[in-house]
2 protein chains.
Amino acid sequence: MELAEAKQKFIEAWGKLGSEWGINRTMAQVHALLLISPEALTTEQVMEQLQISRGNANMTLRDLINWGLVEKQHRSGERKEYFYAEKDVWYIARQVAKERKRRELEPVLKLLNQLQAVEGDEQDPEYKTFKTSVTDINKLATNVDKTLETMLKAEENWFFGSIFKLFK
Amino acid sequence: MELAEAKQKFIEAWGKLGSEWGINRTMAQVHALLLISPEALTTEQVMEQLQISRGNANMTLRDLINWGLVEKQHRSGERKEYFYAEKDVWYIARQVAKERKRRELEPVLKLLNQLQAVEGDEQDPEYKTFKTSVTDINKLATNVDKTLETMLKAEENWFFGSIFKLFK
DNA sequence: TTAAACTTTCAAAATTTATTGAAATATACT
DNA sequence: AGTATATTTCAATAAATTTTGAAAGTTTAA
């Protein structure tokens with residue numbers, strides 16, 4: 001396979017995977033493009049390579065910066081901004097985990113805790129089933145949350161390290 | 001908080017979480033509704049409670065069955081079909097993990113393996129960066145895949161058990 | 001201060017995804 | 001076989017999301 005073709009496939013696959021997991025396809029594609037670029041790229045280059053508009057490129061790059069996956073670079077003597085993606089895969093995984101935990105897991109946990117406090121008749125099957133389901137989900141979500149917390153605190157590659165060894 | 005209000009909030013939150021993770025909002029809501037229902041419900045009841053059309057209810061229930069989260073029940077002397085959601089949260093988590101692994105992780109792994117075989121000039125930074133990124137992602141994805149595999153084989157609650165103990 | 005270079009914004013348009021509802025199909029009972 | 005009841009399908013429609021592109025805003029340097 002040619003490098004050019006491989007790049008194209010990688011970008012497409014990353015975009016598809018992103019969209020299946022609730023991440024904007026274009027954002028995932030821009031991230032993929034920057035990931036495989038040895039040098040930082042300009043907005044123009046991103047627009048050109050992915051055939052997207054200036055507005056789209058600008059917003060997407062801003063989002064990627066907010067996710068902590070891309071950084072702006074300045075070059076002396078130049079007005080243009082350059083965008084560079086962090087290449088460390090373990091860092092990327094942690095960053096994504098951190099953001100999704102904050103944006104999605106934590107709000108749900110907060111609600112689950114409130115819902116657990118609902119009052120009702122212990123004899124009522126509707127009440128009992130609701131309470132049991134909410135409590136069980138809350139337990140699992142709390143464990144996921146704590147585990148992510150530990151993962152985020154760990155400086156090194158927690159996944160490659162301690163966990164995976166459990167399974168040879 | 002009233003039980004009725006709590007139910008409503010739970011269904012909304014589950015729908016929102018689902019849509020953030022690439023799962024159709026309605027499907028997540030129907031799942032939530034069945035999860036907190038002590039008894040199996042009919043298509044009519046699902047339509048009524050979530051204010052959705054017959055076609056939508058039917059397709060969504062079929063999808064939930066395909067995800068292995070809901071089962072059809074028949075009652076003697078009745079023509080209607082009843083739908084019941086598995087209540088075991090650990091079972092649900094494993095089922096979702098299993099399906100997403102099969103539908104999304106495995107196709108990506110297959111591609112990454114192909115992309116790793118791309119030929120090129122070792123001196124070319126474009127080639128080197130591409131290869132390194134793809135190889136690193138492949139390593140992480142392979143580890144995630146193997147870990148999920150182990151999780152799926154484990155009959156018992158792997159998460160509550162061995163893993164979580166690592167972090168006290 | 002002016003102007004060129006570059007970035008940001010956002011309403012409108014395009015695209016994608018989800019939903020409806022009525023017709024077609026299937027099922028079970030008499 | 002006929003009929004009432006229930007389920008499935010899918011083209012049309014609606015809703016949600018994404019993208020565009022041109023205008024407004026900002027920065028830099030002469």
Side-chain angles (χ1 to χ4, degrees), chain A residues 11-34 40-67 70-84 100 103-104, chain B residues 11-34 40-67 70-84 100 103-104:
Chain A
I11 290 168
E12 271 170 36
W14 215 235
K16 181 153 177 278
L17 191 65
S19 70
E20 286 166 342
W21 286 82
I23 284 151
N24 180 296
R25 184 194 312 284
T26 301
M27 180 167 139
Q29 287 184 341
V30 172
H31 185 228
L33 174 64
L34 292 176
L41 303 182
T42 63
T43 302
E44 299 282 341
Q45 289 174 305
V46 171
M47 287 166 60
E48 153 96 17
Q49 297 227 24
L50 299 178
Q51 292 292 317
I52 61 175
S53 71
R54 183 174 303 283
N56 197 4
N58 181 270
M59 287 177 123
T60 298
L61 287 165
R62 172 148 43 58
D63 283 350
L64 284 167
I65 290 168
N66 287 335
W67 276 78
V70 165
E71 60 172 33
K72 269 189 193 175
Q73 285 181 353
H74 293 277
R75 295 189 183 180
S76 51
E78 286 205 61
R79 291 274 300 278
K80 275 207 256 301
E81 291 173 331
Y82 286 78
F83 298 92
Y84 182 80
R100 300 207 82 154
R103 297 175 192 210
E104 293 143 21
Chain B
I11 290 168
E12 271 169 35
W14 216 236
K16 181 152 177 279
L17 190 66
S19 70
E20 286 164 345
W21 285 81
I23 283 153
N24 180 296
R25 185 193 315 282
T26 301
M27 181 167 138
Q29 288 184 341
V30 172
H31 185 229
L33 173 64
L34 292 177
L41 302 182
T42 62
T43 304
E44 300 281 342
Q45 289 174 305
V46 171
M47 287 166 61
E48 152 95 17
Q49 298 226 25
L50 300 179
Q51 292 292 315
I52 61 176
S53 71
R54 183 173 303 283
N56 197 4
N58 181 269
M59 285 179 124
T60 299
L61 287 165
R62 174 151 39 60
D63 282 351
L64 283 168
I65 289 169
N66 287 335
W67 276 78
V70 165
E71 60 172 33
K72 269 188 192 175
Q73 286 182 352
H74 293 278
R75 295 191 183 178
S76 51
E78 286 205 60
R79 291 273 303 277
K80 276 207 251 308
E81 289 174 333
Y82 287 79
F83 298 92
Y84 182 79
R100 299 208 83 155
R103 297 175 192 211
E104 293 141 22

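Proteins get letters first, then strands, A, B, ... in listed order; numbering begins at 1 in each. Because the structure is predicted, anything quoted here is derived from the model rather than measured. Hydrogens, waters and symmetry mates are skipped; everything else that's a heavy atom, side chains included, is used.
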Between [atom2] on [N] and [atom1] on [X], what's the gap in Å once rounded to a whole number?
X     : N      : atom1 : atom2 : result
B:M59 : D:dA12 : CE    : C1'   : 13 Å
B:E44 : D:dT8  : CD    : P     : 13 Å
B:D63 : C:dT19 : CG    : C1'   : 13 Å
B:Y82 : D:dA6  : OH    : C1'   : 12 Å
B:L61 : D:dT7  : CG    : C1'   : 11 Å
B:H74 : D:dA6  : NE2   : C1'   : 12 Å
A:M47 : C:dT7  : CE    : P     : 10 Å
B:E78 : D:dT7  : CD    : P     : 11 Å

CD on A:Q29 to CD1 on A:I11, rounded to 0.5 Å: 7.0 Å
Measure the CH2-CD1 distance between A:W67 and A:I23 for me, rounded to the nearest 0.5 Å. 4.5 Å
For the side chain of [X], counting heavy atoms from C-beta on, which of [options] is nearest?
X     : options               : answer
A:T26 : C:dC10, D:dT8, D:dT18 : D:dT18
A:I52 : C:dT8, C:dT20, D:dT20 : D:dT20
B:R79 : C:dT8, D:dT27, C:dT27 : C:dT27
A:S53 : D:dA6, D:dG21, C:dT20 : D:dG21

Which part of the nucleic acid, if any, lies within contact of A:R54, taking any heavy atom under 4.0 Å across all strands shown: a base, the sugar-phosphate backbone alone, or nothing? base
Quick one: is [N] close enough that its OP1 or OP2 comes under 4.0 Å of any side-chain N or O from [X]?
X     : N      : value
B:N58 : D:dT8  : yes
A:N24 : D:dT19 : yes
B:T43 : D:dA6  : no
A:R25 : D:dT17 : no

For a 4.5 angstrom cut-off between non-hydrogen side-chain atoms, does B:T42 reach B:Q45? yes
Electrostatic pair B:E12-B:K16, nearest N-O below 4.0 angstrom: no
Between B:R54 and B:E44, does any side-chain N to carboxylate O distance fall below 4.0 Å? yes
Take A:M27 and B:R62, find for each the nucleotide of DNA chain D with the closest heavy atom, and name the residue whose nucleotide sits nearer the 5' end. B:R62
